[in-house]
Peer 1: 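Below is one structure. I have some questions about it.
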Amino acid sequence: MQQWLFDLRSRKFILLLVFFLILTSLAYAKIIAPLDNGMENYVHSLGNNTTVDLAMQIFTETGWILYLIITSFILLVKKDTRRLGLVLLLAIIVGSMLSAYLRCYIGYESPTLKFEGAHLSLKYASDIGVPCSINGSFPAGHTVRTTIFAFVLGFALSKRFPRGCYLLWIYPILVSISRVYLMEQFPLDLVGGALLGLLVANIVSKILKLELIFANQKPNS
């Protein structure tokens, strides 16, 4: 699992960065907008199952930045998980800020159709603010944060649960699906958010030496 952390000059990092820049250019030029609009019409017709509708709203709510920051602080105050909490906290803040500014200046607008399925008796939590009035959607902030969460926590659990740690990736997948289902994001936004989350998580993890969390751990027998 430690192979997840790749050098900032490695081929893997460069490929991820180039791919993200290509998607950013496509979003800025709105080249894929017609495809996303077609997807929007299809997704708009799906909201007719109350159980699924409510479940999707719960999934999307868990991607709110406040919940992930609280989790980071809980890890931060414990001595054994302090470095893990610091990496997670900084990565989530940096990722959220980057995605917010990109949504502002790229201007890839959110779906125009509104979700018409069953609603929970609560309002969606507001995302981190941006210094503009454009309702941008690229990259998806929820996907950025949940990808960071799965990357950092998955790495931390990799030695104790070498196979089970991969289950954490179900979390960003469900949250991302919920964002499209609820007419908040396009598929392009999710791919861009996942790439940005991976880049930010790896950069912060490398700078703060996340691998040192294993220094005092005994290998499983």
Peer 1: With heavy-atom distances below 4.5 Å as the criterion, would you say the side chains of S96 and I92 are in contact?
Peer 2: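 Counting from C-beta outward, S96 and I92 do come under 4.5 Å.
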Peer 1: So if you build clusters from Ile, Leu, Val, Met, Phe, Trp, Tyr with side-chain heavy-atom gaps below 4.5 Å, do L88 and L66 land together?
Peer 2: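 Yes, same cluster.
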Peer 1: If you round to the nearest 0.5 Å, how far is CG of L196 from CG of L102?
Peer 2: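 Interatomic distance, L102 CG to L196 CG, rounded to 0.5 Å: 6.5 Å.
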Peer 1: What is the distance from atom CD1 of I213 to atom OG of S205, rounded to the nearest 0.5 Å?
Peer 2: 8.5 Å
Peer 1: Minimum heavy-atom separation for S178 and M56, please, with both atom names.
Peer 2: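 Nearest heavy atoms, S178 then M56: CB-O, 3.2 Å.
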Peer 1: Do the side chains of T143 and D189 get nearer than 4.5 Å, heavy atoms only?
Peer 2: no
Peer 1: After noting the C-alpha distance and the side-chain angles of R179 and E184, does the key distance pass the side-chain contact (heavy atoms from CB on, under 4.5 Å) rule?
Peer 2: CA-CA 5 Å; R179 299 299 290 168; E184 296 290 333; 3.6 Å; yes
Peer 1: Assess the residue pair I177 and F59 against the criterion (side-chain contact (heavy atoms from CB on, under 4.5 Å)); give the C-alpha distance rounded to whole Å, side-chain angles, the decisive distance to 0.1 Å, and a yes or no.
Peer 2: CA-CA 9 Å; I177 291 174; F59 291 148; over 6 Å; no
Peer 1: So how far is it from T24 OG1 to L188 CG, rounded to the nearest 0.5 Å?
Peer 2: 8.5 Å
Peer 1: Taking side chain as C-beta onward, heavy atoms only, is I74 less than 4.5 Å from T81?
Peer 2: no
Peer 1: Could you walk me through whether L157 and Y166 pass the side-chain contact (heavy atoms from CB on, under 4.5 Å) test, one step at a time?
Peer 2: CA-CA 9 Å; L157 295 173; Y166 290 100; over 6 Å; no
Peer 1: Any chance you could measure L212, atom CG, to L84, atom CG, to the nearest 0.5 Å?
Peer 2: 12.5 Å
Peer 1: Locate the shortest heavy-atom distance separating V200 from A91; write the atom from each residue and the value.
Peer 2: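 So the two residues come closest at CG1-O, 3.5 Å.
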Peer 1: Check this for me: does any side-chain nitrogen of one of R9 and D7 sit under 4.0 Å from a carboxylate oxygen of the other?
Peer 2: yes
Peer 1: Distance check, rounded to the nearest 0.5 Å: F155 atom CZ versus N202 atom CG?
Peer 2: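 Answer for the CZ-CG pair, F155 versus N202, is 9.5 Å.
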Peer 1: If you compare all heavy atoms of F115 against all heavy atoms of L182, which two are closest, and at what distance to 0.1 Å?
Peer 2: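 Reported closest heavy-atom pair: CB-O, 3.5 Å.
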Peer 1: Determine whether a donor-acceptor pair (N or O, by modelled atom type, separation under 3.5 Å) exists between the side chain of Y67 and the backbone of E61.
Peer 2: no
Peer 1: Report the C-alpha distance between V18 and L15 in whole Å, list the side-chain angles of each, state the deciding distance to 0.1 Å, and finish with yes or no for side-chain contact (heavy atoms from CB on, under 4.5 Å).
Peer 2: CA-CA 5 Å; V18 169; L15 287 176; 5.7 Å; no
Peer 1: Is the closest side-chain heavy-atom distance between L168 and F151 below 4.5 Å?
Peer 2: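 No; the side chains remain at least 4.5 Å from each other.
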Peer 1: Under 4.5 Å between side-chain heavy atoms, hopping through other hydrophobics if needed: is there a path connecting L90 to V77?
Peer 2: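 No, separate clusters.
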Peer 1: Show the nearest heavy-atom pair for residues G193 and P139, with the distance to one decimal.
Peer 2: N-CB, 3.6 Å
Peer 1: Which heavy-atom pair separates S176 from L190 by the least distance, and what is that distance?
Peer 2: O-CD1, 3.4 Å
Peer 1: Distance-only, no hydrogens or angles: does the S99 side chain make a donor-acceptor pair with backbone N or O of A140 under 3.5 Å?
Peer 2: no
Peer 1: For a quick test of reading the model, state the closest non-hydrogen atom pair linking S110 to F186 and the distance between them.
Peer 2: C-CE1, 3.9 Å
Peer 1: Would you say the side chain of S158 lies within less than 4.5 Å of the side chain of F214, judging by non-hydrogen atoms?
Peer 2: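 Result yes, sub-4.5 Å side-chain heavy-atom pair found.
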Peer 1: Answer whether the closest heavy-atom distance between the side chains of F20 and V191 falls below 4.5 Å.
Peer 2: no
Peer 1: Can you tell if the side chain of L167 reaches within under 4.5 Å of the side chain of F161, non-hydrogen atoms only?
Peer 2: no
Peer 1: Please answer whether the main-chain N or O of F138 pairs with a side-chain N or O of R103 as donor and acceptor at a distance below 3.5 Å.
Peer 2: no
Peer 1: Keeping the roles fixed (side chain from H142, backbone from V175), state whether a donor-acceptor pair exists under 3.5 Å.
Peer 2: no
Peer 1: What's the separation between atom CG in L16 and atom CG in L195, rounded to the nearest 0.5 Å?
Peer 2: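 L16 CG to L195 CG: 6.0 Å, rounded to 0.5 Å.
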Peer 1: For K30, I'd like to know if atom NZ has over 12 heavy atoms of other residues, nucleotides or ligands within 6.0 Å.
Peer 2: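 Enclosed.
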